[in-house]
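A quick write-up on the structure given underneath.
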Amino acid sequence: MNRIFALVDCNNFYVSCERLFSASIQNKPVIVLSNNDGCVVARSNEVKKLGVKMGQPVFEIKNLIEQHNIVLFSSNYSLYADMSDRVMQLLATFASEVEVYSIDESFLNLSHVSLESLQEYGEEIRATVWQFTGIPVSVGIATTKTLTKIATEIVKKQTGYLGVLSIAQMSEAELDELLEGISVEDVWGIGHRYAAALRTRDIYTAKDLKYTDPHWIRRHLTVVGARTVLELRGISCIPLETKVKPKKGIMSSKTFGRPIDQLQELEEAVANYTARAAEKLRDQDSLVLCINVFIQTNVFQKDAPQYSKSLSKMLPFPTAFTPDLISAALEALHSIYQPGYSFKKAGVYFSKIVSQESIQFDLFGNFTVEGHVKKTKLMCVVDLLNRLLGRDTLFFGAQGISREWKMRQERRSPRYTTQWSELLSTT
DNA sequence: CGGCGTTAG
DNA sequence: TATTCTAACGCCG
């Protein structure tokens with residue numbers, strides 16, 4: 001029996017979240033900004049029509065913003081994450097297997113639904129999410145994950161589908177007709193580089209790609225590209241990943257709100273990023289063995305002196321204890337720091353991540369079981385308090401207090417759904 | 001195995 | 001004046 005997949009994709013997700021709490025921006029052009037309010041990361045349809053691109057720097061569209069009264073928001077991740085949870089919980093009631101693919105997308109296994117009722121089933125999913133969360137979604141249904149992406153693409157771009165399209169029951173000829181209308185760079189897994197390579201071989205549409213020689217694809221687009229071709233042919237080879245896998249790398253990095261030249265401020269920033277990364281690490285019950293610290297000046301400032309350096313440090317034994325990680329990070333920072341530069345960005349990256357279960361004892365280092373247990377318990381308490389009472393209720397001295405280097409976020413909406421003090425009120 | 005390139009959201 | 005962040009994976013040497 002053929003498998004059936006659905007892709008449920010929230011429309012302009014961050015913008016839709018903001019619109020839930022503001023009646024006045026329903027049909028207005030709305031943009032959500034990246035960290036530091038620097039780039040566009042979400043656009044309402046009105047803004048897409050104006051030609052604003054994903055990731056575009058805000059300063060490039062300053063005039064457009066004024067001319068069209070575009071409403072700007074800083075990103076409000078507490079709100080988006082909470083709304084995402086609510087949507088995903090609802091989706092889980094429609095299928096026994098769900099893959100939460102990103103903050104605004106899930107794949108569902110719909111193999112239990114008959115071909116004739118797929119369209120209707122999709123419409124029920126959409127109506128339910130809308131009723132209980134107010135978030136509009138698009139649903140694409142097909143026999144492979146790559147084809148669900150295409151169905152969703154069509155739903156979003158062409159009017160008349162009302163949010164749901166099943167192409168699972170279509171004949172090969174009908175399918176090919178649809179694929180002919182999709183540019184090859186709009187196929188999932190084909191980015192701008194691969195698209196350019198394909199165009200040199202006169203491959204312009206999803207249909208062209210579907211009928212391309214698999215050996216050529218295998219050579220030039222790797223095994224991933226070969227899978228994409230098979231998926232376009234209706235052969236499912238990208239399985240549903242239902243289990244959340246622990247991350248193999250954890251990164252915490254940010255551009256500063258303003259350039260930094262003092263070592264002490266860099267230390268604060270690096271300590272903070274390390275603390276964040278360590279939280280994520282403990283969240284997935286992991287320990288880390290290798291920590292990498294990097295700093296860089298403003299790469300866009302062409303005429304300013306540039307400096308960029310990173311350094312990895314192996315830890316003596318795997319740990320998730322924030323103070324130990326901060327010490328290691330600061331040591332690395334001191335090795336790479338050069339005075340006389342204005343730094344604009346720093347980051348911390350954890351690699352060689354292992355499960356807490358499979359801890360390897362270090363015979364020669366100063367690892368002791370008692371010490372490990374004590375540190376684990378302490379971090380448990382810190383995490384618990386911060387979860388209950390808000391981030392940074394407890395933090396380490398090295399993280400600093402004033403944090404003047406912090407990113408700019410001048411237009412963040414209230415955390416309506418996760419902070420009692422920020423509930424929507426009418427007064 | 002590390003570095004690089006590519007893609008995704 | 002001004003330009004996100006995070007993660008995965010395949011290939012190659």
Side-chain angles (χ1 to χ4, degrees), chain A residues 7-14 31-43 52-63 65 72-75 77 80-81 84 99-107 145-146 149 152-153 156 184-198 217-228 238 241 244-259 273 276-277 280-281 284 289-290 292 294 296-304 310-312 314 342 344-353 407-410:
Chain A
L7 172 64
V8 181
D9 192 339
C10 301
N11 298 346
N12 316 326
F13 182 54
Y14 298 169
I31 282 176
V32 176
L33 303 170
S34 66
N35 285 344
N36 275 315
D37 297 342
C39 284
V40 174
V41 292
R43 306 156 293 162
V52 175
K53 295 282 173 257
M54 185 65 170
Q56 197 166 5
V58 174
F59 72 84
E60 282 181 11
I61 54 166
K62 206 172 163 246
N63 289 338
I65 292 169
L72 302 180
F73 288 91
S74 302
S75 35
Y77 283 102
Y80 311 150
S84 174
E99 172 183 348
V100 178
Y101 179 69
S102 72
I103 194 165
D104 72 335
E105 282 174 83
S106 269
F107 288 105
K145 283 164 73 172
T146 304
K149 280 274 182 188
T152 311
E153 189 91 358
K156 286 189 173 180
V184 77
E185 64 264 30
D186 292 336
V187 174
W188 191 37
I190 307 297
H192 68 291
R193 292 285 179 160
Y194 286 171
L198 289 167
I217 295 292
R218 175 67 185 77
R219 259 210 319 284
H220 295 85
L221 271 61
T222 83
V223 61
V224 177
R227 266 185 222 129
T228 299
I238 306 177
E241 306 272 4
V244 271
K245 297 205 198 114
K247 291 174 179 41
K248 297 172 181 176
I250 292 177
M251 163 87 92
S252 175
S253 88
K254 271 186 191 66
T255 307
F256 306 129
R258 59 160 170 79
Y273 301 163
R276 289 285 161 263
K280 291 190 214 170
L281 189 68
Q284 59 170 37
L289 257 170
C290 182
N292 181 285
F294 71 87
Q296 63 183 230
T297 50
N298 189 345
V299 290
F300 296 103
Q301 210 121 73
K302 299 288 183 221
D303 43 347
S310 78
L311 183 68
S312 291
M314 286 298 289
S342 274
K344 187 63 177 164
K345 184 171 178 171
V348 171
Y349 181 69
F350 292 170
S351 61
K352 302 190 196 299
I353 288 171
M407 66 179 176
R408 289 186 298 269
Q409 264 205 321
E410 287 164 5

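Naming convention: chains lettered A, B, ... in sequence-line order (proteins, then strands); numbering from 1 in each chain.
- Proximity of A/Lys344 to the phosphate of C/dT4: no side-chain N or O atom is located under 4.0 Å from OP1 or OP2.
- One finds a salt bridge joining A/Lys149 and A/Glu105 here, because a Lys/Arg side-chain nitrogen approaches an Asp/Glu carboxylate oxygen to under 4.0 Å.
- Shown here are the side chain to side chain donor-acceptor pair (under 3.5 Å) partners of A/Tyr80, two or more places apart in sequence or in another chain: A/Glu18.
- The distance from atom CD of A/Glu99 to atom P of B/dG9 is 12 Å, rounded to the nearest whole Å.
- In this structure, OH of A/Tyr80 is placed 19 Å from P of B/dG9, rounded to the nearest angstrom.
- Atom P of nucleotide C/dT3 and atom CD of A/Glu60 are separated by 11 Å, given to the nearest angstrom.
- Contact annotation: the side chain of A/Ile31 never approaches that of A/Val58 to less than 4.5 Å [non-hydrogen atoms, C-beta and beyond].
- If you take CG of A/Leu221 and P of B/dA8, they are 11 Å apart, rounded to a whole angstrom.
- Of the side-chain N and O atoms in A/Ser34, none sit less than 4.0 angstrom from OP1 or OP2 of C/dT3.
- Whole-Å rounding puts the A/Trp188 CH2 to C/dC9 C1' distance at 13 Å.
- Residue contacts shown for A/Leu33 are absent, as no nucleic acid heavy atom lies under 4.0 Å away.
- Ring geometry for A/Tyr273 against A/Phe256 counts as parallel: the plane angle stays under 30°, on a 0 to 90° scale with 60° as the upper cut.
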Protein N or O to nucleotides 2-6 of chain B N or O, pairs below 3.5 Å:
from	atom 1	to	atom 2	distance (Å)
B/dG2	OP1	A/Lys352	NZ	3.2

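- Between A/Val100 and A/Ser106, the closest side-chain pair of non-hydrogen atoms falls below 4.5 Å.
- Among the heavy atoms of the strands lying under 4.0 Å from A/Val187 are primed sugar atoms or P, OP1, OP2 only; no base atom is included.
- Across C/dT6, B/dG9, C/dT4, the shortest atom-to-atom separation from the side chain of A/Glu105 is found for B/dG9.
- Remark: P of C/dT6 and CZ of A/Arg276 are 12 Å apart, rounded to the nearest angstrom.
- One interatomic measurement links the two molecules: NZ of A/Lys245 to C1' of C/dA7, which rounds to 12 Å at whole-angstrom precision.
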